[in-house]
Amino acid sequence: MNLTLIVKGLIVKSLGDLDFPEVPIVIEVPPDPNMGDRSCTVALSLAKQLKQPPRQIAEQIKNVLPIDSDPITKVEIAGPGYLNFFFSENALIHLLQAILRLNSDFGNSDRGAGQRRLFEYVSANPTGPMNVVSARAAALGDSMVKLQRKIGFSVDSEFYINDAGKQIMLLGASVKARAGEVKGNSREIPEGGYHGSYVKQIAAEAIDEFGDALFTLPDEDLGCWSADRIVENQRSTLEDYGIQFDNWFKESELRRNNEHQTALKLLEEREHTYSKDGALFFRSTSFGDNEDRVLITSDERPTYFLPDIAYHVNKSKRGYDKVIDLLGPDHHGHGLRMQAAMKAVGLPDDFLEVVIVQQVNLMRSGKPVKMSKRTGEIITLKELIEEVGPDAAKQIFLSRRWSSHLDFDIETAKDRSEKSPVYYLQYAHARICSIFRKAGDVQEADSECLLKLTAPEEQKLLRNLSVFPDTVESAALQLAPNRINSYLNDLATSFTRFYHECRVLSDDDDLTRARLAICHAVKIVLGEGLRLLGMSAPEAM
RNA sequence: GCGCUCGUAGCUCAAUGGAUAGAGCAUCGGCCUUCUAAGCCGAGGGUUCCGAGUUCGAGUCUCGGCGGGCGUACCA
């Protein structure tokens, strides 16, 4: 049940009848309910092509609109040429019944049917704990995946593990150095190595596992072993955060299968490479980059860039129509290069979409938290969710666009008093559950008693519920979970006003049943919205 | 220098190119005998960084400034 689509259908039909040219049709919700339930600006956008005043065009459209009494009772022309549509009482009651029938399927659509997509996010290096940008990316990616699935895309999520190359050797050497400290045969942590305290812990585990044989292991082998442990940690931390991936993809596998060589051949065949100073370059400047990039160094090592190209080629070979990468702000140059590479190997221009998740400034009571990556003094994702909780953290991350640089104040996030916006949505949900516990067994409302829902607060709620499918679709297509958050806030606000103005459980049986029906619908939508954000919907608080 | 990105209320942030730019926090004033006060009602608060342009219409798009962040490795 999507009232917006019904309005759109009527417009499309009218434009066809009038032989008007095809233009994109935008249906929106007017700012004031007195202006109607939906509006359309198509007359404004047709004005130029038809060389007629927009109101005159609107008049013609209005005249051919097949309006009877349901679900549209009235169409008005307003302002410069808006077409405003008014829903009938019945339309909103059918909507309410549809929500109760569909339950959490309300808002589903087939918009993305037949398309396969892959979201890659977090992909933190297996050389240390995850940071707050990973926490933000994890919340975002998880919600985007859920949203796109809801509108019919076939979506997988993936975590890419960079478990090969120089950094793994450095990790191995760092662990060895820390183990050396314990065993009294002191070594230095190498330049560019890892200093964090977690390295000491892995060193201790490595001693348990290998004993003195540890010191004769090649750095790379020890590095791989350590990386495996770190990845396991990342996986369980993400699990605690409520984030699961469909797939974990290892760079080492890619290298074992020589896929980076295959990717290189692909670029060479298409003549997008050249040699200079003993190194092999990718001519990325032909695809909009401002400098050509090295694929193979003069000492014949592949740079990180080459296997990453191979990884993305691999994604296309797995049959994805489109892949979306969520990258940190320090990788935006990398994203552009990857897009250049995708074009170079002949994939469509829009095959790879890059979302740059902007930085998170951690604050504590208004003061920035100082962190040093070099010494390993950072606040980790694990510490963050232990301190503020997964739901509160996600709510902050998902209430902003990914493009905004955000200040995350730990003390504000932890605050569970009335100052905290975090529990507002959950509180509304829990309140409804509480009403149902109190109500006991109540007969289901029929259409007749639903007609009693005439209070302004009830009408407002019904209108809010009616735009959920639209909100889901735009949030999904624009990769904007924050729209769901805003929507849920509106819905919860409307519900709370209703709760204060309209007593649900009363002596009037019909009215009680009708109000329980509306409560049930709000509960369904709140619950589904929270699920889409990866947040819990508690029955009691 | 070049590239990317952000700039909206005191603060943190919203707003498919559409009608009077909205929330939360903070400030001020009311509301618990009543289904959860983690709540509700009300008030104040704006040159959407500046300047041009495109458009019937710009916070949103284009160009030029200013300011913050980040890139610009034969590192990942």
Side-chain angles (χ1 to χ4, degrees), chain A residues 24 26-28 30-32 35 39-41 44-45 47-48 53-54 78-82 84 125 127 162 164-168 170 192 251 276-281 288-291 293-305 307-308 328-336 356 358-359 361 363 366 396 399-401 403-409 412 415-424 426-428 430-439 470 473-475 477-478 480 482-483 485-486 489-490 492-493 496-497 499-506 512 515-516 519 540-541:
Chain A
V26 180
I27 308 292
E28 42 194 23
D32 180 340
M35 298 170 173
S39 72
C40 182
T41 56
L44 294 160
S45 33
K48 190 156 208 175
Y82 293 100
N84 289 344
N125 281 330
T127 52
N162 284 105
K166 202 164 158 188
Q167 56 171 352
I168 294 300
L170 283 168
E251 180 183 352
K276 196 179 99 182
D277 305 333
L280 192 74
F281 282 75
D289 201 351
N290 46 13
E291 212 172 314
R293 307 292 164 179
V294 174
L295 297 169
I296 304 280
T297 64
S298 51
D299 56 352
E300 295 181 339
R301 284 180 307 107
T303 61
Y304 75 100
F305 187 36
D308 226 10
D330 49 342
H331 286 72
H332 66 246
H334 178 59
L336 293 172
I356 302 296
Q358 281 299 345
Q359 69 187 74
N361 299 315
M363 320 275 278
I396 289 175
S399 62
R400 275 84 158 162
R401 295 173 299 189
S403 56
S404 68
H405 304 212
L406 86 82
D407 288 352
F408 189 116
D409 194 306
T412 307
D415 191 349
R416 307 200 172 203
S417 75
E418 75 265 22
K419 280 182 285 182
S420 167
V422 177
Y423 298 97
Y424 191 69
Q426 296 179 325
Y427 189 57
R431 249 182 179 167
I432 297 173
C433 294
S434 168
I435 294 173
F436 277 104
R437 278 192 296 273
K438 200 142 221 165
D470 307 81
E473 184 173 301
S474 67
L477 292 175
Q478 291 169 44
N482 61 292
R483 291 186 173 231
N485 178 72
S486 301
N489 254 306
D490 271 0
T493 301
T496 313
R497 282 187 187 145
Y499 175 85
H500 281 270
E501 291 302 318
C502 309
R503 199 178 160 82
V504 177
L505 305 175
S506 70
T512 298
R515 285 183 171 164
L516 281 171
C519 285
M541 289 174 75

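The figures here come from the full heavy-atom set of this structure, side chains too, leaving out hydrogens, waters and symmetry mates. Numbered from 1 within each chain, the chains take letters A, B, ... in sequence-line order.
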### Message
Distance check needed: B:A73 P versus A:F281 CZ, whole Å only.
### Response
11 Å
### Summary
dist A:C519:SG -> A:L505:CG (nearest 0.5 Å) comes out at 8.0 Å
### Summary
Hits for salt bridge (charged side-chain N to carboxylate O under 4.0 Å, His left out) against A:D407, two or more places apart or cross-chain, chain-then-number order -> none
### Task
Kindly say whether, by distance alone, the side chain of A:S403 makes a donor-acceptor pair under 3.5 Å with the base of B:C6?
no
### Summary
Closest of B:G3, B:A76, B:A14 to the A:H332 side chain is B:G3
### Query
Just by modelled atom types, is the A:G366 backbone N or O under 3.5 Å from a matching donor or acceptor in the A:D409 side chain?
yes
### Summary
Separation of B:G24 atom P from A:I396 atom CD1, nearest Å, is 16 Å
### B:A23 to B:U62 separation - C1' atoms, rounded to the nearest Å
31 Å
### N/O donor-acceptor pair under 3.5 Å between A:S298 side chain and A:A279 backbone
no
#### Entry: Below 4.0 Å: OP1/OP2 of B:C75 and any side-chain N or O of A:R301
yes
### Message
For a quick check of understanding: with a heavy-atom distance under 4.0 Å over all strands, which category does A:T303 fall into, base, sugar-phosphate or nothing?
### Response
sugar-phosphate
### Query
Which part of the nucleic acid, if any, lies within contact of A:F305, taking any heavy atom under 4.0 Å across all strands shown: a base, the sugar-phosphate backbone alone, or nothing?
nothing
Atom pairs under 3.5 Å, N or O on each side, protein against nucleotides 41-45 of chain B: can you list them with distances?
{"unit_1": "B:C41", "atom_1": "OP1", "unit_2": "A:R497", "atom_2": "NE", "d": "2.0"}
{"unit_1": "B:C41", "atom_1": "OP1", "unit_2": "A:R497", "atom_2": "NH2", "d": "3.2"}

### Query
Between A:Y499 and B:A38, is there a side-chain N or O to OP1/OP2 distance below 4.0 Å?
no
### Query
Donor-acceptor pair under 3.5 Å: do we get one between A:H331's side chain and the base of B:G71?
no
### Task
Tell me which of A:V294 and A:Q359 sits closer to the 5' end of RNA chain B, going by the nucleotide each one is nearest to.
A:Q359
### Task
Quote, to the nearest angstrom, the P distance that separates B:G65 from B:A58.
24 Å
### Task
Figure out the CG/P separation between A:D409 and B:U12, and round it to whole Å.
11 Å
### Query
Taking the P atom of each, how far is B:G46 from B:G3, in whole Å?
37 Å
#### Entry: Among B:A15, B:C40, B:G18, the one nearest A:E28 by side-chain distance
B:G18
### Message
Counting the atoms with a prime plus P, OP1 and OP2 as sugar-phosphate, which does A:L516 contact under 4.0 Å by heavy atoms, base, sugar-phosphate, or nothing?
### Response
nothing
### Task
For B:U34, take OP1 and OP2 only and decide whether either is under 4.0 Å from a side-chain N or O of A:S506.
no
### Message
Please report the interatomic distance OG(A:S506) to CZ(A:R515), rounded to the nearest 0.5 Å.
### Response
6.5 Å
### Query
To the nearest Å, how far apart are A:L406 CG and B:G7 P?
13 Å
### Query
Within 45 degrees of the axis of the six-membered ring of A:Y499 and under 6.0 Å from its centre: does A:R431 put its NZ or CZ there?
yes
### Side-chain N or O of A:R515 closer than 4.0 Å to phosphate OP1/OP2 of B:C35
no
### Message
On the nucleotide B:G68, are OP1 or OP2 found under 4.0 Å from the side-chain N or O atoms that A:N361 carries?
### Response
no
### Task
Determine the Euclidean distance between corresponding C1' atoms of B:A26 and B:A9; express it in Å to zero decimal places.
11 Å
### Message
Taking only the C1' atom of each, what is the distance from B:U47 to B:U12 in whole angstrom?
### Response
22 Å
### Query
Of the nucleotides B:U36, B:A19, B:C13, which has the atom closest to the A:K438 side chain?
B:U36
### Atom pair OG (A:S403) and CG (A:N482), whose distance is rounded to the nearest 0.5 Å
8.5 Å
### Task
Could you tell me whether A:D470 contacts a base, only the sugar-phosphate backbone, or nothing, with contacts defined as non-hydrogen atoms closer than 4.0 Å?
nothing
### Query
Is any side-chain N or O of A:Y423 under 3.5 Å from a base N or O of B:A38, one able to act as donor and the other as acceptor?
no
#### Entry: Quiz item: A:D330 side-chain donor-acceptor pair to B:A76 base, under 3.5 Å
no
### Task
Give a yes or no on whether a donor-acceptor pair under 3.5 Å exists between the nucleobase atoms of B:A19, that is its base, and the side chain of A:S39.
yes
### Query
Is there a side-chain polar atom (N or O) of A:S434 under 4.0 Å from OP1 or OP2 of B:U36?
yes
### Message
Would A:T496 and A:Y424 count as a side chain to side chain contact (heavy atoms under 4.5 Å, CB included) here? Give the steps.
### Response
CA-CA 10 Å; A:T496 313; A:Y424 191 69; 3.6 Å; yes
### Summary
Side-chain atoms of A:Y82 come closest, of B:A76, B:A19, B:A38, to B:A19
### Task
May I ask you to verify whether the side chain of A:H405 and the base of B:G68 hold a donor-acceptor pair under 3.5 Å?
yes
### Message
Side chain of A:L44 only, heavy atoms from C-beta on: which candidate in B:G3, B:A73, B:G18 is closest?
### Response
B:G18
### Task
Ignoring the backbone of A:S486, work out which of B:G69, B:A14, B:A76 is nearest its side chain.
B:A14
### Task
Side chain of A:R431 only, please: which of B:G39, B:G3, B:C74 is the nearest?
B:G39
### Query
Nearest to the side chain of A:K166 - B:C2, B:U36, B:A76?
B:A76
### Task
Looking at every strand, decide which applies to A:C502 at a 4.0 Å heavy-atom threshold: base, sugar-phosphate, or nothing.
base
### Task
To the nearest Å, give me how far apart CD1 (A:I432) and P (B:A38) are.
16 Å
### Query
Would you say A:R401 reaches B:A14's phosphate, i.e. side-chain N/O to OP1/OP2 under 4.0 Å?
yes
### Query
What's the CG-P distance between A:D407 and B:A14, to the nearest Å?
11 Å
### Message
Over all strands shown, is A:S474 touching base, sugar-phosphate only, or nothing at heavy-atom distances under 4.0 angstrom?
### Response
nothing
### Summary
Output for pair (A:L280 CG, A:E300 CD), nearest 0.5 Å, gives 11.0 Å
### Task
Could you measure between the two C1' atoms, the one in B:G24 and the one in B:G67, and give it in whole Å?
27 Å
### Task
Rounded to the nearest angstrom, tell me the gap between atom CG in A:D490 and atom P in B:A15.
12 Å
### Summary
Nearest heavy-atom contact between A:F305 and A:V294 is CD2-O, 4.2 Å
### Task
Would you mind classifying the nucleic acid contact of A:A439 as base, sugar-phosphate or nothing, using non-hydrogen atoms under 4.0 angstrom?
nothing
### Protein-nucleotide distance (A:H334, atom NE2; B:G71, atom C1'), rounded to Å
13 Å
### Message
Give me the distance, rounded to whole Å, that separates B:G69 from B:C74 when you measure between the C1' atoms they each carry.
### Response
28 Å
### Query
Closest nucleotide of RNA chain B for A:M541 versus for A:P329: which of these residues is on the 5' side?
A:M541
### Query
Considering only the C1' atoms, how many Å lie between B:U33 and B:C28, rounded to the nearest integer?
29 Å
### Summary
For A:I296 and A:P302, the nearest pair of non-hydrogen atoms, with its separation, is CD1-CA, 4.0 Å
### Query
Between CD of A:E251 and CG of A:N125, what distance do you get to the nearest 0.5 Å?
9.5 Å
